[in-house]
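Report on one structure; see the data block that follows.
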2 protein chains.
Amino acid sequence: MSDAQINEAARLFSILSEPSRLKLLRALMDRPLTVTELIEATEMKQGNVSKHLGVLLSARFVAREREGNFARYCIADKNVYKLCDVMCCRMEEAARRVAEEFGVS
Amino acid sequence: MSDAQINEAARLFSILSEPSRLKLLRALMDRPLTVTELIEATEMKQGNVSKHLGVLLSARFVAREREGNFARYCIADKNVYKLCDVMCCRMEEAARRVAEEFGVS
DNA sequence: CAACTATATTTCGATACAGCAATATGCAAG
DNA sequence: CTTGCATATTGCTGTATCGAAATATAGTTG
(Lines give C-alpha, C1' and ligand atoms only; values in the text may rest on other atoms or scores of the structure.)
Protein backbone atom coordinates (compact mmCIF):
# COMPACT_ATOMS: atom_id res chain seq x y z
CA MET A 1 0.00 0.00 0.00
CA SER A 2 1.94 2.99 -1.28
CA ASP A 3 1.52 6.56 -0.14
CA ALA A 4 0.05 7.44 -3.50
CA GLN A 5 -2.61 4.80 -3.02
CA ILE A 6 -3.31 6.10 0.46
CA ASN A 7 -3.77 9.58 -0.95
CA GLU A 8 -6.09 8.31 -3.64
CA ALA A 9 -8.16 6.37 -1.12
CA ALA A 10 -8.41 9.48 1.04
CA ARG A 11 -9.51 11.49 -1.97
CA LEU A 12 -12.24 8.99 -2.78
CA PHE A 13 -13.43 8.88 0.82
CA SER A 14 -13.52 12.65 0.87
CA ILE A 15 -15.87 12.63 -2.10
CA LEU A 16 -18.25 10.57 0.00
CA SER A 17 -17.81 12.81 3.02
CA GLU A 18 -20.30 15.49 2.03
CA PRO A 19 -23.95 15.21 3.03
CA SER A 20 -24.99 16.85 -0.23
CA ARG A 21 -23.24 14.26 -2.32
CA LEU A 22 -24.56 11.39 -0.23
CA LYS A 23 -28.06 12.77 -0.68
CA LEU A 24 -27.58 12.77 -4.42
CA LEU A 25 -26.29 9.20 -4.35
CA ARG A 26 -29.13 8.08 -2.14
CA ALA A 27 -31.63 9.52 -4.59
CA LEU A 28 -29.85 7.88 -7.52
CA MET A 29 -29.85 4.50 -5.80
CA ASP A 30 -33.57 4.16 -6.45
CA ARG A 31 -33.31 4.96 -10.12
CA PRO A 32 -31.50 7.20 -12.60
CA LEU A 33 -32.63 10.83 -12.40
CA THR A 34 -32.17 14.06 -14.28
CA VAL A 35 -30.66 17.13 -12.67
CA THR A 36 -34.10 18.69 -12.39
CA GLU A 37 -35.44 15.61 -10.64
CA LEU A 38 -32.46 15.62 -8.33
CA ILE A 39 -33.10 19.23 -7.41
CA GLU A 40 -36.62 18.30 -6.40
CA ALA A 41 -35.55 15.15 -4.57
CA THR A 42 -32.82 16.84 -2.56
CA GLU A 43 -34.09 20.41 -2.28
CA MET A 44 -30.66 21.67 -3.17
CA LYS A 45 -29.85 24.67 -5.36
CA GLN A 46 -29.34 23.91 -9.03
CA GLY A 47 -25.79 25.17 -9.14
CA ASN A 48 -24.75 23.04 -6.21
CA VAL A 49 -26.44 19.95 -7.55
CA SER A 50 -24.57 20.39 -10.79
CA LYS A 51 -21.29 21.04 -9.03
CA HIS A 52 -21.56 18.01 -6.77
CA LEU A 53 -22.62 15.81 -9.64
CA GLY A 54 -19.52 16.98 -11.42
CA VAL A 55 -17.40 15.79 -8.53
CA LEU A 56 -19.16 12.42 -8.42
CA LEU A 57 -18.84 12.14 -12.18
CA SER A 58 -15.15 12.91 -12.28
CA ALA A 59 -14.60 10.14 -9.75
CA ARG A 60 -16.80 7.88 -11.90
CA PHE A 61 -19.09 7.16 -9.00
CA VAL A 62 -21.91 8.21 -11.31
CA ALA A 63 -22.35 8.34 -15.06
CA ARG A 64 -24.14 10.89 -17.23
CA GLU A 65 -26.38 10.25 -20.17
CA ARG A 66 -27.67 13.10 -22.29
CA GLU A 67 -31.33 13.09 -23.18
CA GLY A 68 -32.09 15.99 -25.42
CA ASN A 69 -31.92 18.99 -23.22
CA PHE A 70 -31.62 16.93 -20.05
CA ALA A 71 -28.85 15.06 -18.34
CA ARG A 72 -29.73 11.84 -16.64
CA TYR A 73 -27.36 10.54 -13.99
CA CYS A 74 -27.04 7.05 -12.57
CA ILE A 75 -24.79 5.15 -10.17
CA ALA A 76 -21.85 3.93 -12.22
CA ASP A 77 -19.93 2.06 -9.57
CA LYS A 78 -21.34 -0.80 -7.55
CA ASN A 79 -18.78 -0.13 -4.87
CA VAL A 80 -20.85 2.89 -3.93
CA TYR A 81 -23.54 0.51 -2.76
CA LYS A 82 -21.04 -1.60 -0.85
CA LEU A 83 -19.42 1.37 0.85
CA CYS A 84 -22.75 2.79 1.91
CA ASP A 85 -23.94 -0.61 3.07
CA VAL A 86 -20.91 -1.09 5.28
CA MET A 87 -21.21 2.40 6.68
CA CYS A 88 -24.89 1.92 7.44
CA CYS A 89 -24.03 -1.37 9.13
CA ARG A 90 -21.50 0.40 11.24
CA MET A 91 -23.99 3.06 12.24
CA GLU A 92 -26.53 0.44 13.26
CA GLU A 93 -23.94 -1.37 15.32
CA ALA A 94 -22.98 1.86 17.03
CA ALA A 95 -26.62 2.65 17.74
CA ARG A 96 -27.14 -0.84 19.15
CA ARG A 97 -24.10 -0.42 21.38
CA VAL A 98 -25.46 2.79 22.78
CA ALA A 99 -28.89 1.26 23.32
CA GLU A 100 -27.44 -1.69 25.22
CA GLU A 101 -25.31 0.60 27.31
CA PHE A 102 -28.37 2.47 28.47
CA GLY A 103 -30.53 -0.63 28.67
CA VAL A 104 -28.17 -2.46 31.05
CA SER A 105 -27.13 0.36 33.34
CA MET B 1 -32.46 7.00 5.45
CA SER B 2 -32.96 10.24 7.36
CA ASP B 3 -30.98 13.41 6.90
CA ALA B 4 -29.42 12.92 10.31
CA GLN B 5 -28.16 9.53 9.20
CA ILE B 6 -26.82 11.01 6.01
CA ASN B 7 -24.94 13.60 8.02
CA GLU B 8 -23.53 10.99 10.33
CA ALA B 9 -22.40 8.83 7.41
CA ALA B 10 -20.73 11.86 5.88
CA ARG B 11 -18.99 12.59 9.15
CA LEU B 12 -17.67 9.05 9.36
CA PHE B 13 -16.49 9.10 5.76
CA SER B 14 -14.76 12.40 6.43
CA ILE B 15 -12.79 10.79 9.22
CA LEU B 16 -11.45 8.34 6.65
CA SER B 17 -10.77 11.07 4.14
CA GLU B 18 -7.38 12.16 5.51
CA PRO B 19 -4.19 10.50 4.30
CA SER B 20 -2.67 10.86 7.75
CA ARG B 21 -5.45 8.95 9.40
CA LEU B 22 -5.44 6.26 6.74
CA LYS B 23 -1.71 5.85 7.27
CA LEU B 24 -2.28 5.35 10.97
CA LEU B 25 -5.00 2.80 10.29
CA ARG B 26 -2.86 0.99 7.78
CA ALA B 27 -0.07 0.70 10.34
CA LEU B 28 -2.50 -0.53 12.98
CA MET B 29 -3.90 -3.17 10.65
CA ASP B 30 -0.74 -5.22 11.06
CA ARG B 31 -0.76 -5.09 14.83
CA PRO B 32 -1.51 -2.78 17.76
CA LEU B 33 1.10 -0.07 18.18
CA THR B 34 2.04 2.61 20.66
CA VAL B 35 2.09 6.27 19.71
CA THR B 36 5.86 6.20 19.57
CA GLU B 37 5.80 3.23 17.21
CA LEU B 38 3.19 4.97 15.08
CA ILE B 39 5.38 8.05 14.84
CA GLU B 40 8.17 5.89 13.49
CA ALA B 41 5.91 3.94 11.17
CA THR B 42 4.27 6.99 9.64
CA GLU B 43 6.99 9.62 10.00
CA MET B 44 4.43 12.08 11.26
CA LYS B 45 4.92 14.65 14.02
CA GLN B 46 4.00 13.51 17.50
CA GLY B 47 1.34 16.16 18.01
CA ASN B 48 -0.39 15.28 14.78
CA VAL B 49 -0.30 11.56 15.45
CA SER B 50 -1.92 12.17 18.79
CA LYS B 51 -4.52 14.50 17.37
CA HIS B 52 -5.50 12.16 14.56
CA LEU B 53 -5.62 9.20 16.92
CA GLY B 54 -7.98 11.25 19.04
CA VAL B 55 -10.28 11.67 16.07
CA LEU B 56 -10.17 7.97 15.24
CA LEU B 57 -10.73 7.13 18.89
CA SER B 58 -13.71 9.42 19.31
CA ALA B 59 -15.32 7.71 16.34
CA ARG B 60 -14.42 4.34 17.90
CA PHE B 61 -12.55 3.26 14.82
CA VAL B 62 -9.64 2.51 17.14
CA ALA B 63 -9.33 1.72 20.84
CA ARG B 64 -6.69 2.74 23.35
CA GLU B 65 -5.06 0.66 26.01
CA ARG B 66 -2.74 2.20 28.56
CA GLU B 67 0.51 0.41 29.27
CA GLY B 68 2.38 2.22 31.97
CA ASN B 69 3.63 5.33 30.36
CA PHE B 70 2.58 4.27 26.88
CA ALA B 71 -0.67 4.17 25.00
CA ARG B 72 -1.23 1.27 22.67
CA TYR B 73 -3.82 1.68 19.94
CA CYS B 74 -5.59 -0.98 17.90
CA ILE B 75 -8.35 -1.21 15.32
CA ALA B 76 -11.61 -1.37 17.24
CA ASP B 77 -14.04 -1.69 14.39
CA LYS B 78 -13.93 -4.45 11.80
CA ASN B 79 -15.85 -2.24 9.40
CA VAL B 80 -12.63 -0.31 8.96
CA TYR B 81 -11.19 -3.36 7.23
CA LYS B 82 -14.27 -3.76 5.09
CA LEU B 83 -14.37 -0.13 4.05
CA CYS B 84 -10.72 -0.12 3.13
CA ASP B 85 -11.06 -3.42 1.30
CA VAL B 86 -13.90 -2.13 -0.83
CA MET B 87 -12.05 1.08 -1.56
CA CYS B 88 -8.92 -0.80 -2.55
CA CYS B 89 -11.03 -3.01 -4.80
CA ARG B 90 -12.46 0.05 -6.41
CA MET B 91 -9.03 1.49 -7.02
CA GLU B 92 -7.84 -1.73 -8.62
CA GLU B 93 -10.87 -1.82 -10.87
CA ALA B 94 -10.24 1.76 -11.88
CA ALA B 95 -6.60 1.00 -12.61
CA ARG B 96 -7.59 -2.02 -14.66
CA ARG B 97 -10.06 0.09 -16.61
CA VAL B 98 -7.37 2.59 -17.47
CA ALA B 99 -4.94 -0.16 -18.43
CA GLU B 100 -7.45 -1.76 -20.79
CA GLU B 101 -8.29 1.56 -22.32
CA PHE B 102 -4.67 2.10 -23.25
CA GLY B 103 -4.11 -1.56 -24.13
CA VAL B 104 -6.95 -1.71 -26.67
CA SER B 105 -6.60 1.64 -28.38
C1' DC C 1 -31.64 33.61 -35.34
C1' DA C 2 -34.32 34.52 -31.01
C1' DA C 3 -36.28 32.90 -26.92
C1' DC C 4 -36.63 29.44 -23.56
C1' DT C 5 -35.17 25.68 -20.69
C1' DA C 6 -31.74 22.53 -18.63
C1' DT C 7 -27.32 22.26 -17.12
C1' DA C 8 -22.61 23.90 -16.10
C1' DT C 9 -19.30 27.18 -14.38
C1' DT C 10 -17.51 31.10 -11.81
C1' DT C 11 -17.14 34.19 -7.99
C1' DC C 12 -17.30 35.19 -3.24
C1' DG C 13 -17.69 35.23 1.82
C1' DA C 14 -17.62 32.03 5.56
C1' DT C 15 -16.17 27.90 7.76
C1' DA C 16 -13.44 23.75 8.75
C1' DC C 17 -9.42 21.59 9.47
C1' DA C 18 -4.51 20.26 8.42
C1' DG C 19 0.30 20.78 10.01
C1' DC C 20 3.59 23.03 12.95
C1' DA C 21 5.38 24.64 17.22
C1' DA C 22 4.83 25.28 21.85
C1' DT C 23 2.98 23.89 26.03
C1' DA C 24 0.54 20.97 29.31
C1' DT C 25 -0.55 16.58 31.51
C1' DG C 26 0.41 12.01 33.35
C1' DC C 27 3.11 8.32 34.87
C1' DA C 28 7.59 6.23 36.68
C1' DA C 29 12.08 6.11 38.67
C1' DG C 30 15.57 7.86 41.54
C1' DC D 1 9.27 15.85 44.86
C1' DT D 2 11.88 16.41 40.83
C1' DT D 3 13.43 14.75 36.65
C1' DG D 4 12.42 12.57 32.35
C1' DC D 5 9.80 10.41 28.91
C1' DA D 6 5.24 9.40 26.50
C1' DT D 7 1.22 11.41 25.27
C1' DA D 8 -2.29 15.07 24.85
C1' DT D 9 -3.76 19.72 23.99
C1' DT D 10 -3.65 24.49 22.39
C1' DG D 11 -2.77 28.56 19.41
C1' DC D 12 -1.74 29.80 14.99
C1' DT D 13 -1.55 30.31 9.91
C1' DG D 14 -2.62 28.64 5.48
C1' DT D 15 -5.48 26.05 2.38
C1' DA D 16 -9.58 23.82 0.78
C1' DT D 17 -14.28 23.77 -0.08
C1' DC D 18 -19.13 24.62 0.99
C1' DG D 19 -23.47 27.17 -0.24
C1' DA D 20 -25.54 31.02 -2.57
C1' DA D 21 -25.84 34.03 -6.38
C1' DA D 22 -24.71 35.38 -10.76
C1' DT D 23 -23.40 34.21 -15.22
C1' DA D 24 -22.28 31.19 -19.14
C1' DT D 25 -23.17 27.28 -22.28
C1' DA D 26 -25.94 24.04 -24.90
C1' DG D 27 -29.81 22.09 -26.95
C1' DT D 28 -34.79 22.78 -28.58
C1' DT D 29 -38.39 25.09 -30.66
C1' DG D 30 -40.71 28.51 -33.39
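This is a predicted model, so every value here is computed, not measured.
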Checklist entry - With a 4.0 Å cut-off, would you call A:Arg11 and A:Glu8 a salt bridge? => result yes
Nucleotide N/O of nucleotides 5-12 of chain D paired with protein N/O under 3.5 Å:
from: D:dC5; atom 1: O2; to: B:Asn69; atom 2: ND2; distance (Å): 3.3
from: D:dT7; atom 1: OP1; to: B:Val35; atom 2: N; distance (Å): 3.4
from: D:dT7; atom 1: OP1; to: B:Ala71; atom 2: N; distance (Å): 3.0
from: D:dT7; atom 1: OP2; to: B:Thr36; atom 2: N; distance (Å): 2.8
from: D:dT7; atom 1: OP2; to: B:Thr36; atom 2: OG1; distance (Å): 2.3
from: D:dA8; atom 1: OP1; to: B:Arg64; atom 2: NH1; distance (Å): 2.4
from: D:dA8; atom 1: OP1; to: B:Tyr73; atom 2: OH; distance (Å): 2.7
from: D:dA8; atom 1: OP2; to: B:Ser50; atom 2: OG; distance (Å): 2.7
from: D:dA8; atom 1: OP2; to: B:Tyr73; atom 2: OH; distance (Å): 3.4
from: D:dA8; atom 1: O5'; to: B:Ser50; atom 2: OG; distance (Å): 3.4
from: D:dA8; atom 1: N7; to: B:Gln46; atom 2: NE2; distance (Å): 2.7
from: D:dA8; atom 1: N6; to: B:Gln46; atom 2: OE1; distance (Å): 3.0

Next on the checklist: Looking at C:dC17, I'd like to know if its phosphate oxygens (OP1 or OP2) sit under 4.0 Å from a side-chain N or O belonging to B:His52.
Outcome noted: no
Next on the checklist: Please list, in numerical order, the residues of residues 10-32 of chain A that have a heavy atom closer than 4.0 Å to any atom of DNA chain D.
Outcome noted: A:Glu18, A:Ser20, A:Arg21
Item to check | Over 12 foreign heavy atoms within 6.0 Å of CZ, A:Arg97 | outcome: yes
Item to check | Heavy-atom pair of closest approach, residues B:Leu22 and A:Ile6 | outcome: CD1-O, 3.7 Å
Checklist entry - Between B:Asp3 and A:Arg26, is there a salt bridge with N-O shorter than 4.0 Å? => result yes
Checklist outcome for this item: Whole-Å distance, A:Lys45 NZ to D:dA22 P, equals 10 Å
Checklist entry - Is a side-chain donor or acceptor of A:Arg21 paired with a backbone partner of A:Ile15 at a separation under 3.5 angstrom? => result yes
Checklist entry - Quick check: does any side chain N or O of A:Ser58 sit under 3.5 Å from a backbone N or O of A:Val55, one acting as donor and the other as acceptor? => result yes
Checklist entry - Just by modelled atom types, is the B:Gln46 backbone N or O under 3.5 Å from a matching donor or acceptor in the B:Ser50 side chain? => result no
Checklist entry - Would a distance-only check, ignoring hydrogens and angles, find a side-chain to backbone donor-acceptor pair under 3.5 Å from A:Arg72 to A:Glu67? => result no
